Amino acid sequence: MIALNDILYKVHIEAVKGNPTVAITDLHFDSRKIALNDVFIAIKGVQVDGHDYIKKAVDQGAIAVVCETFPELTVNGVTYVQVKDSQQALAVMAANYYDNPSEKLKLVGVTGTNGKTTITSLLYQLFKSAGYETGLISTVKVCIGGTVIPATHTTPNPLALQAHLAQMIDAGVDYCFMEVSSHGIHQKRIEGLQFTGGVFTNLTHDHLDYHNTFAEYRDVKKSFFDGLSKRAFALTNADDKNGVIMLQNTKARKLNYALKSYADYRANILENSFQGMLLRLNDNEIWTKLLGQFNASNLLAVYAVAIELGLEEEEVLRLISSLESVDGRFEYFVSENNINVIIDFAHTPDALKNVLETINGIRTHNESLITVVGCGGDRDREKRPKMGNIASQMSGQVIFTSDNPRSEDPDKIINEMESGVSAENYKKTLVIIDRKQAIKTAIKMARPNDIILVAGKGHEDYQEVKGEKLPFNDLKIIQELFKKLS
């Protein structure tokens, strides 16, 4: 057990009722998990206000309650702590409860619209190959040494996040690479973390259903860099005009990387094919299995982070040349009947454009490019016509299909995608709502040497329909269909 006041260190406290030194067992923001002598932190969420569950938490044995507003009725023997911001309090308390594990390893956070998963995953691969105990917190999975845990959020809630980091300390982890989402920053999930470095990839249209405006979305990302210490480094993409904005108020050491601009770390593509790329990183040439300009940028960021963390340049270059592509990120294979298949998570206009530009830059144009794509439900609607326009303009044939419709009608989502298709491209489009049937149709349409891009879901192993997650993985479905149709 630990004293309540020990885990309240650095929390902005406004008032206390009761004994602040009371011994507590555990802390939770979900009242259903409360047991005897636990602390309940009441969070005002988007859909649920934890303050409505204070009585329930106390009835279940909570010995302390942290809240923004004291309840009308308080119970003798229970300590009530009023704070300015419960979300911030939860993150700081979680860090204290787990003895601030981020201070005991080198933690690098990667933020931006696209590239977060690829960069963190490649850094994990690289440092593991270099012989270090390494941790990963990503959209796809959490890796603690040799243990792999499926991810539920890009940036976990503060209790889960600090618990993962504490497990990493127990496992002897030296370096951890984590994705830092705009939701995670805005909801204060990363408060209380000590970052060794931060990376900014790019900023494009996404999550405007949550952040309302692009400026708000940008400023939330910027606040991550504002919070870095002077002992950290801040590495931003100079090819994105928002890279300069990220560095405006940071105390961290400022660095940048670029393919097209002058920067501390530079790269350019010398050769590009479906088998890989020949890159020049600063003054060094290396071959990589990864494809496309966006991956050249991602690899440059990986190179820069590894150098900034103290690895020898020669070793970094050797390790980069052996890195494997990340699941669902420009995942490429050729079928037995010589059809090229690419699976990619691209679910924003910019990401889809990048993938299609890469394919069109490599292909001979003597073959057809068939794109299967949809948009998620209950998310930013403004990007739907943009994605419809990009897919139809840059592909030979497009099949609009269901992605994760969630609570929305797939027909409505696809209609909004179609609204962005110009008159001259409309004849290229088909609508097949059933995603498996859409993929099957693309395979039947394809001839040897043709290219099929299946975009939007990447690594995901489910399809979310009306609150239910149904098993569905693009790669497995494609492989099964090729076997049946061969």
Side-chain angles (χ1 to χ4, degrees), residues 110-123 125-126 199-206 235-244 256-306 317 320-321 323-326 328-332 340-365 369 371 373 386-387 389-391 393-395 451 453-456 458:
V110 180
T111 195
T113 307
N114 302 312
K116 298 187 297 295
T117 302
T118 298
I119 291 172
T120 52
S121 299
L122 293 177
L123 280 165
Q125 267 190 60
L126 189 149
V199 181
F200 168 75
T201 61
N202 49 62
L203 207 63
T204 63
H205 190 120
D206 200 17
L235 174 71
T236 65
N237 182 359
D239 289 331
D240 189 300
K241 63 183 179 182
N242 296 289
V244 175
N256 55 19
Y257 67 98
L259 301 182
K260 302 171 186 173
S261 317
Y262 178 78
D264 299 295
Y265 292 93
R266 291 289 316 278
N268 60 299
I269 301 170
L270 303 177
E271 292 179 23
N272 200 4
S273 73
F274 282 126
Q275 283 68 50
M277 291 184 291
L278 180 64
L279 292 180
R280 180 180 285 120
L281 296 179
N282 282 0
D283 296 320
N284 307 285
E285 290 187 13
I286 66 160
W287 177 262
T288 172
K289 300 172 190 174
L290 278 68
L291 310 176
Q293 184 171 288
F294 59 97
N295 269 328
S297 183
N298 292 336
L299 285 167
L300 181 58
V302 168
Y303 170 78
V305 170
L317 293 166
I320 284 178
S321 67
L323 292 174
E324 299 286 343
S325 62
V326 179
R329 268 66 179 177
F330 213 99
E331 198 165 357
Y332 169 77
N340 300 280
V341 180
I342 296 154
I343 297 158
D344 195 90
F345 189 54
H347 62 287
T348 67
D350 189 63
L352 184 62
K353 185 177 178 222
N354 284 340
V355 170
L356 288 167
E357 278 182 345
T358 296
I359 295 168
N360 283 319
I362 296 172
R363 59 185 284 229
T364 65
H365 293 269
L369 169 56
T371 297
V373 65
K386 294 179 181 180
M387 290 184 69
N389 177 50
I390 289 165
Q393 190 175 9
M394 300 180 73
S395 309
I451 303 160
L453 168 65
V454 181

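As the structure is a computational prediction, the values presented were derived from the model and not from experiment. Atoms considered below: every heavy atom in the structure, side chains included; atoms not considered: hydrogens, waters and symmetry mates.
Atoms CG and CG, on Leu122 and Leu290 in that order, are 6.0 Å from each other to the nearest 0.5 Å. From Glu285, atom CD reaches atom CG of Leu317 across 11.0 Å, with rounding to the nearest 0.5 Å. For the atom pair Met277 CE and Thr288 OG1, the distance stands at 5.5 Å (nearest 0.5 Å). Taking OG of Ser325 as the reference point, atom CG of Leu291 lies at 8.0 Å (rounded to 0.5 Å). With values rounded to the nearest 0.5 angstrom, Glu271 atom CD is found 11.0 Å from Arg280 atom CZ. Summarising the geometry, atom CG belonging to Asn256 is positioned 4.5 Å from atom CG belonging to Asp264; distances are rounded to the nearest 0.5 Å.
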Practice item. With side chain to side chain contact (heavy atoms under 4.5 Å, CB included) as the test, would you mind laying out the steps for Tyr257 and Leu235 before giving the verdict? Key: CA-CA 7 Å; Tyr257 67 98; Leu235 174 71; 3.7 Å; yes
Exercise for review: Apply side chain to side chain contact (heavy atoms under 4.5 Å, CB included) to the pair Arg266 and Lys260, showing each step before the final yes or no.
Suggested key: CA-CA 8 Å; Arg266 291 289 316 278; Lys260 302 171 186 173; over 6 Å; no
Exercise for review: Show your reasoning for whether side chain to side chain contact (heavy atoms under 4.5 Å, CB included) applies to Ile342 and Val454.
Suggested key: CA-CA 6 Å; Ile342 296 154; Val454 181; over 6 Å; no
Practice item. May I have the step-by-step check of side chain to side chain contact (heavy atoms under 4.5 Å, CB included) for Leu279 and Trp287, ending in yes or no? Key: CA-CA 6 Å; Leu279 292 180; Trp287 177 262; over 6 Å; no
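The two residues Ala263 and Ala238 have their closest heavy-atom pair at CB-CB, 4.5 Å. Contact between Gln293 and Thr358 at its shortest, heavy atoms only, is N-OG1, 3.9 Å. Shown here for Leu123 and Ala306, the closest heavy-atom pair between the two residues is CD2-N, 4.5 Å. Closest of all the heavy-atom pairs between Gly115 and Thr201 is C-CG2, 4.4 Å. Looking at every heavy atom in both residues, Ala267 comes nearest to Leu281 through CB-CD2, 3.5 Å. Of all non-hydrogen atoms in Val199 and Ala301, the two that sit nearest each other are CG1-CB, 4.4 Å.
Taking 4.5 Å as the limit, every side-chain heavy atom of Asn268 sits out of range of all side-chain heavy atoms of Leu259. The shortest side-chain heavy-atom distance between Phe294 and Val355 falls under the 4.5 Å cut-off. In this structure the side chain of Phe345 never reaches within 4.5 angstrom of the side chain of Phe330, judged on heavy atoms. Contact of the Leu356 side chain with the Thr371 side chain is registered, since non-hydrogen atoms from C-beta on lie closer than 4.5 Å.
Checked against Asp350 for a side chain to side chain contact (heavy atoms under 4.5 Å, CB included), the options Leu203, Thr113, Thr204 give a single hit: Thr204. When each of Asn298, Asp344, Thr118, Thr117 is paired with Arg329, the side-chain hydrogen bond (donor to acceptor under 3.5 Å, both in side chains) condition holds for Thr117 and for no other.
Inspection of the Asp240 and Asn242 side chains reveals an N or O donor paired with an N or O acceptor under 3.5 Å.
Every residue meeting the ring pair (Phe, Tyr, Trp, His ring centres under 6.0 Å) condition with Tyr303, not counting sequence neighbours, appears here in chain and number order: Tyr265. Qualifying side-chain contact (heavy atoms from CB on, under 4.5 Å) partners for Lys289, counting only residues two or more places apart in sequence or in other chains: Glu324. Checked against side-chain contact (heavy atoms from CB on, under 4.5 Å), Arg363 has the following partners two or more places apart in sequence or in another chain: Ile359, Asn360, His365, Glu367, Leu369, Ile451.
In terms of modelled atom types and a separation under 3.5 Å, the side chain of Glu357 and the main chain of Asn354 share no donor-acceptor contact. Listed for the Asn237 side chain is no donor-acceptor partner under 3.5 Å among the backbone atoms of Asn202. Distance alone, capped at 3.5 Å, places no donor-acceptor pair between the Lys353 side chain and the Pro349 backbone.
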